[in-house]
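Okay, structure first, notes after.
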Amino acid sequence: MEVTPNHTQTVTGWAAMDESGKVEPFVFKRRENGVDDVTIKVQYCGMCHTDLHFIQNDWGITMYPVVPGHEITGVVTKVGTNVSGFKVGDRVGVGCISASCLDCEHCRRSEENYCDKVTLTYNGIFWDGSVTYGGYSNMLVANKRFVVRIPDNLPLDAAAPLLCAGITVYSPMKQHGMLQSGGNLGVIGLGGLGHVAVKFGKAFGLRVTVISTSPAKEREARERLKADDFIVSTNQKQMQAMTRSLDYIIDTVSAKHSLGPILELLKVNGKLVLVAAPDQPVELPSFPLIFGKRTVSGSMTGGLKETQEMLDLCGEHNITCDIELVSTDRINEALARLARNDVRYRFVINIGGNSKL
């Protein structure tokens with residue numbers, strides 16, 4: 001492992017060393033806290049499906065050893081001399097991005113996630129040429145631009161997944177005008193992303209319909225998450241009964257599926273947004289598109305300004321994720337369960353936290 005000269009801080013973490021799907025304890029170096037940096041004692045880190053993809057090299061781009069984790073919350077322990085927005089003791093978070101060019105049109109609009117030179121929080125190449133390591137670790141050094149403040153009323157463990165799952169559904173909701181009350185929102189898939197989309201929809205006054213392949217999820221959708229309607233997507237009668245009933249749909253399903261039946265649920269001029277990444281192309285028949293003047297679009301995470309805005313709204317509405325805490329010696333067990341979608345709705349690793357934070 002090549003070490004960049006100013007990477008002198010020894011850190012304990014958990015890394016995948018190969019495609020086996022397992023992580024193991026791993027000691028590595030992080031950079032010194034620079035003038036624009038914030039050092040964070042990691043308390044919690046959410047476990048995203050993306051972590052699983054990188055651990056297993058599903059996308060063929062993993063650089064081993066890989067330290068996953070991009071739903072990171074913790075407490076500031078050090079700030080650089082150019083940092084004015086954060087101080088020691090602040091409750092903060094780091095999401096999917098650790099660097100960007102800072103100068104392109106996207107960066108200037110705080111859409112850093114769409115910068116051509118975006119660097120991911122793990123398995124990316126940082127400005128100094130080093131490989132980035134994520135939040136499955138006890139400490140992190142982050143550039144101030146890519147750090148957000150966690151509202152005081154949100155617990156750091158249940159807020160952690162908002163840094164990926166939360167912003168991933170909030171960004172398209174804002175972009176497509178879903179934050180106004182009175183509309184009808186469909187949410188496909190009731191996992192880490194889907195359950196947050198339902199919570200946002202209800203908080204912003206939308207009528208929310210959950211669309212799932214699993215009839216067993218109806219009770220939790222209605223009772224736990226307060227969804228207004230529930231459709232089993234394989235039940236043609238239920239699907240037909242909801243034809244042209246929805247203004248918007250957020251599709252959080254990462255398995256291959258056809259968009260045709262889903263598009264039929266949208267009103268004329270309705271909008272379908274894909275936020276998951278199936279490894280096979282989705283089926284997109286033209287008739288439901290052109291006969292309903294419907295739009296299909298995609299969205300990937302969000303910029304830093306939008307992420308802070310989302311967290312502040314979560315603070316106002318007291319929105320957090322439904323989580324299951326995992327100790328550091330049970331990460332592999334949780335990864336195996338995550339692969340089976342056996343979690344309600346997000347695993348969060350307790351790295352150095354206590355529940356009072």
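Here, residue 1 is the first one in the sequence, and each next residue gets the next number. Side chains included, hydrogens not; waters and symmetry mates left out as well; all remaining heavy atoms used.
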Rounded to the nearest 0.5 Å, how far does CG of Asp18 lie from OG1 of Thr62? 11.0 Å
With sequence neighbours left out, what residues match Glu316 under salt bridge (Lys or Arg N to Asp or Glu O under 4.0 Å)? none
Before you tell me yes or no, could you show the steps for Asn6 and Glu32 under side-chain hydrogen bond (donor to acceptor under 3.5 Å, both in side chains), namely the whole-Å CA-CA distance, both residues' side-chain angles and the distance that decides it to 0.1 Å? CA-CA 6 Å; Asn6 72 331; Glu32 288 293 318; over 6 Å; no
Salt bridge (charged side-chain N to carboxylate O under 4.0 Å, His left out): pairs with one or both residues in residues 67-82, sequence neighbours excluded: Glu71-Arg346
Among residues at least two apart in sequence or on other chains, which ones pass side chain to side chain donor-acceptor pair (under 3.5 Å) with Arg340? none
Apply side chain to side chain contact (heavy atoms under 4.5 Å, CB included) to the pair Thr121 and Phe146, showing each step before the final yes or no. CA-CA 10 Å; Thr121 298; Phe146 301 92; over 6 Å; no
For a quick test of your reading: what N or O donor-acceptor pairs under 3.5 Å do the side chains of residues 262-276 make, sequence neighbours left out?
| from | atom 1 | to | atom 2 | distance (Å) |
| --- | --- | --- | --- | --- |
| Lys267 | NZ | Asp247 | OD1 | 3.3 |

Does Phe291 have any ring-ring contact (aromatic ring centres under 6.0 Å, His included) partners at least two apart in sequence or in another chain, and if so, which? Phe287
List, by chain and number, the other hydrophobic cluster members for Val88, where Ile, Leu, Val, Met, Phe, Trp and Tyr join if side-chain heavy atoms come within less than 4.5 Å, directly or indirectly. none
To the nearest 0.5 Å, what is the distance between CD1 (Ile72) and CG (Leu156)? 12.5 Å
In terms of hydrophobic clustering (I, L, V, M, F, W, Y; side-chain heavy atoms under 4.5 Å; direct or indirect links), are Leu246 and Val187 co-clustered? no
Not counting sequence neighbours, list each pair that qualifies as a salt bridge (charged side-chain N to carboxylate O under 4.0 Å, His left out) and has a residue in residues 41-69. none
Set of residues satisfying ring-ring contact (aromatic ring centres under 6.0 Å, His included) with respect to Tyr345, sequence neighbours excluded: His195
State yes or no: are the ring centers of His7 and Phe28 separated by less than 6.0 Å? no
Distance-only criterion, 3.5 Å: show the donor-acceptor pairs between side-chain atoms of residues 95-109 and protein atoms not counting sequence neighbours.
| from | atom 1 | to | atom 2 | distance (Å) |
| --- | --- | --- | --- | --- |
| Ser98 | OG | Leu120 | O | 3.3 |
| Arg108 | NH1 | Asp103 | O | 2.2 |
| Arg109 | NH2 | Glu111 | OE1 | 3.3 |

Identify whether Val147 and Val141 are in the same connected component of the hydrophobic contact network (ILVMFWY, side-chain heavy atoms under 4.5 Å). yes
Using 0.5 Å steps for rounding, measure from the CZ atom of Phe230 to the CZ atom of Arg219. 13.5 Å
Rounded to the nearest 0.5 angstrom, the OH-OG1 distance for Tyr122 and Thr50 is 5.5 Å
Joint hydrophobic cluster, Ile319 plus Leu206, side-chain heavy atoms closer than 4.5 Å: yes
Any residue meeting ring-ring contact (aromatic ring centres under 6.0 Å, His included) with Trp59, in chain and number order, not counting sequence neighbours: His53, Phe54
Run the side-chain donor-acceptor check on residues 297-310: report pairs under 3.5 Å with partners two or more places apart or on a different chain.
| from | atom 1 | to | atom 2 | distance (Å) |
| --- | --- | --- | --- | --- |
| Ser297 | OG | His176 | NE2 | 3.3 |
| Glu306 | OE1 | Ser171 | OG | 2.6 |
| Thr307 | OG1 | Gly303 | O | 2.7 |
| Gln308 | OE1 | Arg149 | N | 2.7 |
| Gln308 | NE2 | Arg149 | O | 3.0 |
| Gln308 | NE2 | Asp312 | OD1 | 3.1 |
| Glu309 | OE1 | Lys174 | NZ | 3.2 |
| Glu309 | OE2 | Tyr170 | OH | 2.5 |
| Glu309 | OE2 | Lys174 | NZ | 3.1 |

Can you run down the salt bridge (charged side-chain N to carboxylate O under 4.0 Å, His left out) pairs that involve residues 180-202, sequence neighbours left out, and say none if there aren't any? Lys199-Asp322, Lys202-Asp228
With a 4.5 Å cut-off on side-chain heavy-atom distances among I, L, V, M, F, W and Y, is there a chain of contacts connecting Ile250 to Met242? no
Could you walk me through whether Asn82 and Asp36 pass the side-chain hydrogen bond (donor to acceptor under 3.5 Å, both in side chains) check? CA-CA 5 Å; Asn82 289 348; Asp36 293 311; 3.2 Å; yes
For residues Ala160 and Val348, report the shortest heavy-atom separation together with the two atoms involved. CB-CG1, 4.5 Å
